[in-house]
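Numbers restart at 1 for each chain; the letters A, B, ... are given by sequence-line order, proteins then strands.
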Amino acid sequence: MARLSDLLLPTERQPPADAEAISHQLMVRAGLVRQLGAGLWSWLPAGWRVHQRVVAIIREEMERIGSQEVLLPLLQPAEPWRRTGRYDAVGDEMFRLADRRDADMVLAMTHEEAMTHHVAQVVRSYRDLPFSLFQLQLKERDEPRPRAGVLRTREFVMKDAYSFAADVEGLEEQYARFREAYARIYDRSGLRWYEVESDTGMMGGRRAHEYMAPCAAGEDDVVLAVDEDGATRYAANVEVAEATAATVPLPAAGDGPRPVDTPGTATIAALAEQLDRPAGTLLKAFPVVVAERMALVLVRGDHQVEEVKLARALGGPVRQATEEEIGAAIGPAGFIGPVDPATPIRIVVDRAVVESTAASPDGGWVVGANVVDRHLDGVVPGRDFEHEVADVRRVVAGDTVEGLPVTIEPAIEAGNIFQLMTRYSEPLGATFLDADGEERPIIMGSYGIGPARIVAAAVEQYHDDRGISWPKAIAPWDVHVVALGKPGTEEQEVAARVATELEDAGLRVVLDDRAGGAGQKLTDAELLGCPLRITVGRRSLAAGTVEAQIRRGQEDVEGGLPLEGVADAVRDLWERIP
RNA sequence: CGGGGAGUGGCGCAGUCUGGUAGCGCACCCGGCUGGGGGCCGGGCGGUCGCAGGUUCAAAUCCUGUCUCCCCGACCA
């Protein structure tokens, strides 16, 4: 049993001045973690217990689906990273160093290369497949901006798993199993979470899902559609989300584009005001460069380009065009449009624009005229300029999916899964002979979880103005026994006895046997946030009872619990709480 | 990388503009009282003011350089 009289639990009354996120403040105040440098955090005893409980859940669920635990080096030769092309591709985010013989080394930011390397050496035949490996190992990333305590750090423990299959069906099967395991992990951790479709990003591959825990400190935005029964019907990262926008009624187009003078109105807001028209009836021109080619993207004035969707639609990394490029290829910045650009360019019109055009058969839009201080009114896509159509806008709250309006919530990405396909097996020569004796690359998947993010997300989701209230599956202790009075008193003796009984009944117990005052002990208990608090003081002792409080909601058990048989009563209470 | 802010005792801060022997609250140590929501009295410990250089009779304070940390944005397998 842990006793606060000798536990290193440095609680603080005030949060560190630079802590912004609630989880950052509370985790430091509760004595769970301490900072060593930017994005570098040490876990103190109570915090590490929480982390280890999350890890234990993850390990159990990995083993349940037959994944095998391994441990690979964090320090690695650069060679395999060169072979997959990531040595050059990832840039400054990877820590690089040289050993004493001046060989290039890296600190692993993930372990695809190393895992695939070993599997390439070992797997010969389709009979060896499928299988999966996982590890709990540090990852090192030179994040441009570490922040929010333990949420975005430069060094962190990750559970990373890799699946190896002979074909896509095998991958799909493994992928499905991991999805189930992930659902169990997040459910068991007690988090509110969503599985969302996500961008495959630089990992390449086919499908990807992210596991998002909604909370204020979230760095990502999640689009959600919930039906009348409260069931989630749609969940996607805003980077890839697709939804239907309400159409805007358009004014009549007329026979062709009409020039309008618009002095000094280089922004949509200024233009909407000057023309006295809703921004949604104007077209925003977004000039980009894809694969060294200029393209002009048009979205409704009240919409925004989502660059991740755009990159997917255009088939490659996208950057905004510079003012010089815009001037040379299209027209004066601020007044560019799809009609008569300086040079012929690719024009991409967002789907919502097409939908509104279709809904107002005679309607036209306002676009830049490619002349300073001038726009064109009554412009009709297709009639007045040629274009492609793609969904490239960012979904906004109120758009609909299956008729249901969507909301957008910030969320922490607590895990992700990818279908890697042959992104790593091919360059690293991880092949096998199939039943026909043909050599084929192994089909891979990768599956990551950051335990520290589960911890921080739990704090974000479950706290009140007094402190943390842990989900019981990951609390540092199940029961916090507060012994009022100073050491040597009856309450202290009884508290110690109760604590022992609870522990014998299978509960994890921390006993506050310190000499401090009641205020300090109760405040610390609330800060630390164990699901149950048993308070032993003179007041109730006289009645032969101890006090019990459920941390979440600070709900007191009426009349306390009888001292006689207290362990059974606490166990019953324990079963009832979330 | 762009913008903003901050480094003074364990935590939170004042002092810097206008140079003159470094202060407050909490925490900590000793003694006593108190003992159900951070209580009270008395006595203490602890800081080369991030670092380096410069100006000056004198630098936390002015100047130069540098390191570190935080926030917003960019970025983020």
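In this entry B:U61 has no Watson-Crick or G-U wobble partner, no candidate having both defining distances under 3.5 Å. Under the Watson-Crick or G-U wobble criterion, with both distances below 3.5 Å, B:U66 is paired with B:G50. Under the Watson-Crick and G-U wobble criteria, each requiring two contacts below 3.5 Å, nucleotide B:G2 is paired to B:C72. Nucleotide B:G25 forms a Watson-Crick or G-U wobble pair with B:C11, both donor-acceptor distances falling under 3.5 Å.
A:P146 comes within contact range of the sugar-phosphate backbone alone, with a heavy-atom separation under 4.0 Å but no base atom that close. Counting non-hydrogen atoms under 4.0 angstrom, A:G91 reaches nothing in the nucleic acid. Nucleic acid contact for A:T84: none, since no nucleic acid atom lies under 4.0 Å from a heavy atom of the residue. Nucleic acid contact for A:R34: none, since no nucleic acid atom lies under 4.0 Å from a heavy atom of the residue. Among the heavy atoms of the strands, none lies under 4.0 Å from A:A108. Among the atoms of the strands shown, none is found under 4.0 Å from any heavy atom of A:R514. Within the nucleic acid shown, A:P10 has no heavy atom closer than 4.0 Å to any nucleic acid atom.
Spacing between B:U21 and B:C33 at atom P, rounded to whole Å, works out to 42 Å. Of the C1' atoms belonging to B:U56 and B:C69, the separation is 32 Å, rounded to the nearest Å. Comparing the P positions of B:C49 and B:G44 gives a spacing of 25 Å, expressed to the nearest Å. Separation of the P atoms belonging to B:U68 and B:C30 is 40 Å when rounded to the nearest angstrom. Taking the C1' atoms as reference points, B:C45 lies 27 Å from B:U61, given to the whole Å. Across the P atoms, B:U18 and B:G4 are found 23 Å apart, a figure rounded to whole Å. Remark: the separation of the C1' atoms in B:C72 and B:A59 is 34 Å, to the nearest Å. For the C1' atoms, the distance linking B:G20 with B:G3 amounts to 38 Å, nearest Å.
Taking the six-membered ring where the residue is Trp, A:W48 and A:H51 present parallel rings, their angle staying beneath 30° rather than reaching 60°. Relative ring orientation between A:Y211 and A:Y186 is described as parallel, the plane-to-plane angle staying below 30° on a 0-90° scale split at 30° and 60°. Note: A:H24 and A:W41 have perpendicular aromatic rings, judged against thresholds of 30 and 60 degrees for the angle between ring planes.
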>> Please determine whether side-chain contact (heavy atoms from CB on, under 4.5 Å) holds for the pair A:V168 and A:Q419, giving the CA-CA distance in whole Å, both sets of side-chain angles, and the decisive distance to 0.1 Å.
In response: CA-CA 9 Å; A:V168 173; A:Q419 296 193 344; 5.7 Å; no
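Side-chain nitrogen and oxygen atoms of A:Q35 include at least one within less than 4.0 Å of the OP1 or OP2 phosphate oxygen of B:C70.
Salt-bridge annotation for A:E112 and A:R423: absent, with no side-chain N of the basic residue lying under 4.0 Å from a carboxylate O of the acidic one.
When rounded to the nearest whole Å, the span between CG of A:L151 and P of B:C76 equals 19 Å. Rounded to an integer number of Å, the gap from A:R13 CZ to B:C24 C1' is 15 Å. Summarising the geometry, the separation between CZ on A:F418 and P on B:C76 is reported as 13 Å, rounded to the nearest angstrom. Between A:L8 atom CG and B:A27 atom P the separation is 19 Å, expressed in whole Å. The CD-P distance, from A:E93 to B:C75, rounds to 13 Å in whole Å. Per the geometry, CG belonging to A:L527 stands 18 Å off P belonging to B:G37, to the nearest Å. Atom P of nucleotide B:G35 and atom CD of A:E491 are separated by 11 Å, given to the nearest angstrom. Taking atom CD on A:Q14 and atom P on B:C26, their separation rounds to 11 Å, with Å as the unit.
Nearer the 5' end of RNA chain B, as judged by each residue's closest nucleotide, is the contact made by A:A19, out of A:G448 and A:A19. Annotation: of the two residues near RNA chain B, A:R154 and A:P16, the 5′-most nearest-nucleotide partner is A:P16.
With B:G37, B:G38, B:G25 as the candidates, the nucleotide lying closest to the side chain of A:A518 is B:G37. Across B:G38, B:C75, B:G25, the shortest atom-to-atom separation from the side chain of A:R147 is found for B:C75. Taking only side-chain atoms of A:P144, from C-beta outward, the nucleotide of B:C75, B:G38, B:G37 with the closest atom is B:C75. Listed nucleotides: B:G38, B:G36, B:G25. Nearest to the side chain of A:E547: B:G36. Which of B:G35, B:C76, B:C75 sits closest to the side chain of A:K486 comes down to B:G35. Listed nucleotides B:G37, B:C26, B:C76 differ in distance to A:E143; the shortest reach to its side chain belongs to B:C76.
In this structure, CG on A:N237 lies 11.0 Å from CG on A:N416, to the nearest 0.5 angstrom.
Side-chain atoms of A:E526 come within donor-acceptor range of the base of B:G37, with a qualifying N/O pair under 3.5 Å. Evaluation of atom-type donor-acceptor distances gives no pair under 3.5 Å for the side chain of A:E12 against the base of B:G12. The base of B:C76 is not paired with the side chain of A:R145 by any donor and acceptor separated by under 3.5 Å.
Ring centroids of A:Y162 and A:H111 are separated by 6.0 Å or more, keeping the two rings apart.
Figure legend: cation-pi geometry between A:R551 and A:Y462 absent, as NZ or CZ is not positioned both under 6.0 Å from the six-membered ring centre and within 45° of its axis.
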